[in-house]
Amino acid sequence: MLKGFKSGALFIGTVIGAGFASGREIALFFNGKSSATALLAGLFLGAMCYVFMTAGRLCGQRDLNGWLFGRKAGKVFRVIMYFSTISVFIAMFCGAELVIYQTFNLKYFGLITTAVCIICAVFGLENVKTVNAVIVPAIVVLIALIFFRGESFYTGGSLGLSAPSAYCAMNMLPAGYVMAEAGKTSRNREIISASVFSGIIFAVMLYMIRTGVSGREDQAMPLFEAARAYGLETFGGLLIYSAVFTTQLSAVNVLMASPLAKKNRIAGALALLAGGMISSAIFTFQTAVDTLYPPVSFFGVVLTLAGTIKIIVLKYGTASGRELPMRARPISQ
């Protein structure tokens with residue numbers, strides 16, 4: 001149960017970056033949509049946790065891209081995965097800079113945050129899980145605090161499936177890869193508990209944030225503006241920064257595990273720090289999210305469909321009585 005909780009917290013922490021906790025990406029994907037649509041997206045995210053942890057469990061120690069797409073297409077999608085991770089990295093770097101400066105009038109926190117994340121990532125995925133298991137409950141409390149200080153509940157908007165589907169797909173790069181890695185050493189009951197836990201928490205948080213950003217969709221950080229209006233500016237700043245940290249931690253973990261960074265960790269760390277500084281001079285937080293996240297969503301759809309189809313074929317394609325090849329069988333319970 002504890003391992004399932006930590007894996008669920010890892011998934012939540014990977015997804016809830018500055019775009020999530022600030023309300024910017026919720027405003028982008030759910031503007032004009034009801035809070036129920038946002039709640040549905042949370043349940044979809046829980047399902048995606050199951051898909052990618054199960055994919056990692058079935059894949060074993062093989063390369064996930066090659067396993068899903070084949071050798072040639074897998075190489076292409078590996079490049080896309082790194083593009084998506086770098087996009088998230090840029091948005092989190094800019095988000096850390098913006099929220100800490102607006103809240104505490106301090107500079108260079110994108111750089112400081114990335115440096116701390118690099119140190120944590122060097123110690124491996126279990127350390128990342130532990131950090132998320134501590135920070136995620138605090139983020140839930142902060143979102144609830146802002147939500148219950150609101151004067152009204154948002155009940156308007158339409159209900160649909162396209163917005164939650166696109167939103168979930170956008171978050172699967174790099175979250176799907178992180179959870180596939182976690183799934184390689186997880187048993188089925190741990191995967192189920194992680195998926196149920198993350199789905200419930202996501203549904204509650206997305207519902208509260210969608211309500212909180214109502215009427216502020218054109219702001220760079222609409223939930224932060226809501227917190228400021230309720231006299232909770234410091235709490236809002238801490239909320240967004242905590243979410244930035246957890247997502248930047250996962251993005252840095254993926255990038256530091258790349259072949260180039262593995263060859264020379266110092267050079268890889270310096271490249272990330274320099275890249276963050278350059279990107280913050282090119283992008284604002286809002287332009288980074290609005291420009292880079294839509295194509296990430298498209299590629300996430302492809303990855304999600306491939307993972308889902310592969311799992312269905314392997315887990316349920318044996319109805320005729322034939323057994324799975326030994327290399328594709330899941331680990332024993």
Side-chain angles (χ1 to χ4, degrees), residues 10-11 14-15 17 19 25 48 51-53 55-56 58-95 114 117-118 121-122 125 128 165-184 247-283 287-311:
L10 172 66
F11 183 55
T14 303
V15 170
E25 67 185 33
M48 291 303 96
V51 166
F52 284 99
M53 288 191 74
L58 293 171
C59 174
Q61 298 307 310
R62 287 167 290 171
D63 173 64
L64 181 65
N65 286 293
W67 184 72
L68 288 176
F69 301 103
R71 182 176 298 178
K72 292 183 178 180
K75 290 180 179 179
V76 174
F77 219 84
R78 176 177 291 278
V79 174
I80 293 172
M81 184 268 289
Y82 283 123
F83 161 77
S84 302
T85 306
I86 290 169
S87 297
V88 172
F89 172 85
I90 291 171
M92 295 309 102
F93 194 101
C94 296
T114 301
C117 289
I118 290 170
V122 168
L125 188 60
V128 175
S165 299
Y167 177 76
C168 292
M170 182 269 294
N171 282 291
M172 289 309 102
L173 287 166
Y177 287 88
V178 173
M179 297 318 296
E181 189 66 26
K184 290 181 179 181
T247 301
Q248 189 72 316
L249 182 58
S250 294
V252 168
N253 186 67
V254 171
L255 295 173
M256 288 297 291
S258 65
L260 292 176
K262 277 186 174 181
K263 288 182 179 179
N264 191 324
R265 287 193 175 275
I266 294 177
L270 291 175
L272 286 179
L273 294 171
M277 293 176 66
I278 294 170
S279 63
S280 66
I282 299 173
F283 293 98
T287 58
V289 172
D290 291 357
T291 303
L292 298 175
Y293 277 25
V296 171
S297 177
F298 171 77
F299 293 128
V301 170
V302 177
L303 178 68
T304 301
L305 288 175
T308 303
I309 292 170
K310 188 79 171 185
I311 290 170

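Position 1 is the first residue of the sequence; numbering continues from there.
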Sequence neighbours excluded and cut-off under 3.5 Å, please list the side-chain donor-acceptor pairs for residues 262-276, or say none.
{"unit_1": "Asn264", "atom_1": "OD1", "unit_2": "Ile266", "atom_2": "N", "d": "3.3"}
{"unit_1": "Asn264", "atom_1": "OD1", "unit_2": "Ala267", "atom_2": "N", "d": "3.0"}

Under 3.5 Å donor-acceptor, [X] side chain and [Y] backbone:
{"X": "Thr287", "Y": "Phe283", "value": "no"}
{"X": "Lys310", "Y": "Cys59", "value": "no"}
{"X": "Thr247", "Y": "Thr14", "value": "yes"}

Minimum heavy-atom separation for [X] to [Y], with atom names?
{"X": "Gln248", "Y": "Phe93", "result": "NE2-N, 3.7 Å"}
{"X": "Cys94", "Y": "Ser280", "result": "SG-CA, 3.8 Å"}
{"X": "Ala91", "Y": "Tyr293", "result": "CB-OH, 3.5 Å"}

Assess whether side-chain contact (heavy atoms from CB on, under 4.5 Å) is satisfied between Val252 and Phe89, documenting all intermediate values. CA-CA 7 Å; Val252 168; Phe89 172 85; 4.1 Å; yes

Taking the side chain as C-beta and beyond, is there a heavy-atom pair between Asn65 and Tyr177 under 4.5 Å?
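Touching, per the 4.5 Å side-chain cut-off.
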
- Message: Under the criterion side-chain contact (heavy atoms from CB on, under 4.5 Å), I'd like the reasoning laid out for Met81 against Leu64: C-alpha separation, chi angles, the key distance, then a yes or no.
- Response: CA-CA 11 Å; Met81 184 268 289; Leu64 181 65; over 6 Å; no

Q. To the nearest 0.5 Å, what is the distance between OG1 (Thr291) and CD1 (Ile282)?
A.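 Going from OG1 on Thr291 over to CD1 on Ile282, the span is 12.0 Å.
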
| said: Working to the nearest 0.5 angstrom, can you tell me the gap between Phe11 CZ and Met172 CE? | reply: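 Reported to 0.5 Å precision, the distance equals 3.5 Å.
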
Can you tell me which residue pairs pass the side-chain hydrogen bond (donor to acceptor under 3.5 Å, both in side chains) test with a partner in residues 77-88, sequence neighbours excluded?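 Applying side-chain hydrogen bond (donor to acceptor under 3.5 Å, both in side chains) to every pair that reaches into residues 77-88, excluding sequence neighbours, yields Asp63-Arg78.
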
Phe77 vs Leu68, side-chain contact (heavy atoms from CB on, under 4.5 Å): CA-CA, chis, key distance, verdict
CA-CA 10 Å; Phe77 219 84; Leu68 288 176; over 6 Å; no

**Asked** Hey, mind stepping through Met48 and Val51 against side-chain contact (heavy atoms from CB on, under 4.5 Å) and telling me if it holds?
**Response** CA-CA 5 Å; Met48 291 303 96; Val51 166; 4.0 Å; yes

Please output the side-chain donor-acceptor pairs of residues 296-307 that fall under 3.5 Å, not counting sequence neighbours, one pair per line with the distance.
{"unit_1": "Ser297", "atom_1": "OG", "unit_2": "Ala166", "atom_2": "O", "d": "2.8"}
{"unit_1": "Thr304", "atom_1": "OG1", "unit_2": "Gly300", "atom_2": "O", "d": "2.8"}

